[in-house]
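Bear in mind that the values here come from a model prediction, so they are computed numbers and not experimental data. As the structure lists them, so they are numbered: ligands from 1, and atoms in each ligand from 1.
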Amino acid sequence: MPLESYQIAQYNQQHEVAHRRKFEFLAEELGSETTERILGKLIDFQIAIPSWALGTGGTRFGRFAGGGEPRNLEEKIADVGLLHALNRSSGAISLHIPWDIPTDGEAIKQLAASYGLVFDAMNSNTFQDQPNQELSYKFGSLQHTDAAVRKQAIDHNIDVIRYGEALGSKSLTVWLSDGSSFPGQLNFRKAFQRTLEGLQEIYAALPADWKIFVEYKAFEPNFYSTTVGDWGQSFLYASKLGPKAYTLVDLGHHLPNANIEQIVSLLLMEEKLGGFHFNDSKYGDDDLTAGSIKPYQLFLIFNELVDGMDARGMNHASDLGWMIDASHNVKDPLEDLLQSVEAIKLAYAQALLVDRVALEEARTSNDVAAAQELLQNAFRTDLRPLLAEARLRADAALNPVGLYRELSLRNKLIEARGLKAVATGL
Ligand code: LRH
Ligand code: MN
């Protein structure tokens, strides 16, 4: 259900005067050099949408479908195309196999291209048993004590790479639910060694220009140990695997009160930070809207990213994997994803505003309050008119959620797909 460009232009026209007033006031405050520098960076900055988060999520206690969900990969690509038309900031989709097997790779690639989309990291799945699967992953996949189960998992990951090659993807994310739920259940050293050997076989199957992201997680579905349980373990695997291996930071995969921005700064310094799964959480892996619970933490993470990437002369838009990983139990999945993209780009823009020279001077002279003021002033500067102007210049909607609602796009999706349509995924 395409969104016509005239609908966006019409909407922006109605809201342009108010926008212009707010934007010109802010641009006056920031000065034209800073304004244009940040606008340029914002327009280039694209965030990949997870194919598994376009339907209603649920928990073991229940799932309350919202209607109009995509029923197949083609409709998922159309929904990401709709998000991208609204914000010109969601120009990539990250697929999960086997939830989204692209049976005709070339056709799927062209369909995505027709919406201005490319394929970001592919995701394998050895945390569920598929109907026609021979051996179970109940006791893990790459860590499993049975070599046949490990081989099944390795072969699956290599299949996922092949699907990705046909789509033009350049990376594989491996998240392993492997671990144990009771003391004594697992030999940690042997589980690590078996997992490393499995990842080495997958690494060997990577095309020359591909990357592999090793995603860590503290707990769930195992509740005593996880075999890739934290950044240190992921860093160990990525370092032992080789130059194409990196760590992936899912914001919801840390123990309470972990200092994620410090983890990010060190992984970036060690050239082993591959990318992100953005979301937010108050307790566990809640997969909530990015910036909805801890927006200051999201800003502090981008503050370390801008600092560390500039220190290495990295390209902000293309040198790391920017992806969302969320699940929507009570909100419209598309509105939730639009809000997450907005929050991520706002944190990035605020980090670009930080006066890094003054910050280093304050740090060198241990002027703690001055350092705090520099960060908090940037975080407390309302840069939303800058994000809106970046969208306007990219022919997107001044207010994506506003236009999505004004056009009742969810109702149109329900008319087209029905109330009972269920999307594959979490
Ligand atoms: C695990 C995870 C992983 C995905 C899954 C959908 O919690 O974050 O990235 O494979 O969610
Ligand atoms: Mn994730």
Side-chain angles (χ1 to χ4, degrees), residues 47-60 63 76 92-101 119-130 137 140-142 153 156-157 159-161 163-164 169 171-179 195 199 202 211-223 225-231 233-234 237-238 246-255 258 260 263-264 267 273-281 283-290 298 301 320-329 333 336-337 340 344 423-426:
I47 299 153
I49 303 295
S51 63
W52 60 92
L54 295 162
T56 304
T59 73
R60 58 186 168 159
R63 183 176 179 281
K76 287 187 176 191
I93 182 169
S94 183
L95 294 189
H96 218 298
I97 307 293
W99 292 335
D100 312 297
I101 292 180
F119 289 91
D120 204 309
M122 302 293 289
N123 297 267
S124 60
N125 178 341
T126 59
F127 51 85
Q128 292 173 327
D129 289 345
Q130 305 307 321
Y137 293 131
S141 59
L142 298 184
H156 165 68
N157 277 277
D159 290 347
V160 174
I161 294 170
Y163 283 126
S169 172
S171 54
L172 169 71
T173 295
V174 178
W175 171 65
L176 301 171
S177 61
D178 296 25
T195 300
L199 288 170
I202 297 166
K211 294 176 177 178
I212 182 170
F213 299 145
V214 181
E215 182 178 3
Y216 60 89
K217 182 173 181 178
F219 66 92
E220 187 207 35
N222 278 293
F223 295 103
S225 77
T226 299
T227 301
V228 189
D230 62 22
W231 73 281
Q233 295 170 51
S234 175
Y237 286 110
Y246 299 84
T247 64
L248 186 138
V249 178
D250 184 313
L251 301 193
H253 287 188
H254 300 83
L255 294 173
I260 302 176
I263 293 170
V264 166
L267 288 171
L273 178 64
F276 288 86
H277 278 179
F278 290 111
N279 48 55
D280 211 337
S281 52
Y283 303 106
D285 188 18
D286 310 341
D287 280 344
L288 302 176
T289 322
L298 187 60
I301 289 169
L320 289 180
W322 309 111
M323 296 165 276
I324 290 172
D325 181 359
S327 176
H328 326 285
N329 301 349
D336 200 10
L337 290 162
S340 278
I344 293 162
T424 55
L426 277 187

Would you name the N/O/S atom of [X] that lies closest to the Mn ion (ligand 2)?
| X | result |
| --- | --- |
| D325 | OD2 |
| D250 | OD2 |
| E215 | OE2 |

At a threshold of 2.8 Å, where the distance has to be below it, does the Mn ion (ligand 2) have an N, O or S atom of D285 nearby? no
Residue H277, metal the Mn ion (ligand 2), N/O/S under 2.8 Å: yes
What is the closest protein heavy atom to [atom], and at what distance does it sit?
| atom | answer |
| --- | --- |
| atom 9 (O) of ligand 1 | E215 OE1, 2.7 Å |
| atom 4 (C) of ligand 1 | H96 NE2, 3.7 Å |
| atom 8 (O) of ligand 1 | D325 OD2, 2.6 Å |

If we only consider heavy atoms of H253, is any one of them less than 4.0 Å away from an atom in ligand 1? yes
Could you grab the distance from atom CD1 of I324 to atom CG of D287, nearest 0.5 Å is fine?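 That separation rounds to 11.5 Å.
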Kindly say whether [Y] contributes a backbone atom to a donor-acceptor pair with the side chain of [X] at under 3.5 angstrom?
| X | Y | value |
| --- | --- | --- |
| N123 | L95 | yes |
| D286 | G284 | yes |
| D230 | H254 | no |
| D178 | S141 | yes |
| T226 | G179 | no |

Relative to each other, are the rings of F219 and F223 parallel, tilted or perpendicular (30° and 60° limits)?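 Geometry flag for F223 against F219: tilted rings.
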Parallel, tilted or perpendicular: which fits the ring planes of H96 and W52, with parallel below 30° and perpendicular above 60°? perpendicular
What atoms of ligand 1 come closer than 4.0 angstrom to any heavy atom of [X]?
| X | result |
| --- | --- |
| K217 | 7 (O) |
| W52 | 6 (C) |
| D250 | 8 (O) |
| D285 | 7 (O) |

For the 3.5 Å polar cut-off, considering only N or O atoms, please tell me whether [X] and ligand 1 meet it.
| X | value |
| --- | --- |
| H277 | yes |
| N123 | no |
| S124 | no |

Quickly, which of L142, V174, V214 forms a side chain to side chain contact (heavy atoms under 4.5 Å, CB included) with T195? Name it, please. L142
Go through the steps for N329 and T59 under the test side chain to side chain donor-acceptor pair (under 3.5 Å), then give the verdict. CA-CA 8 Å; N329 301 349; T59 73; 5.7 Å; no
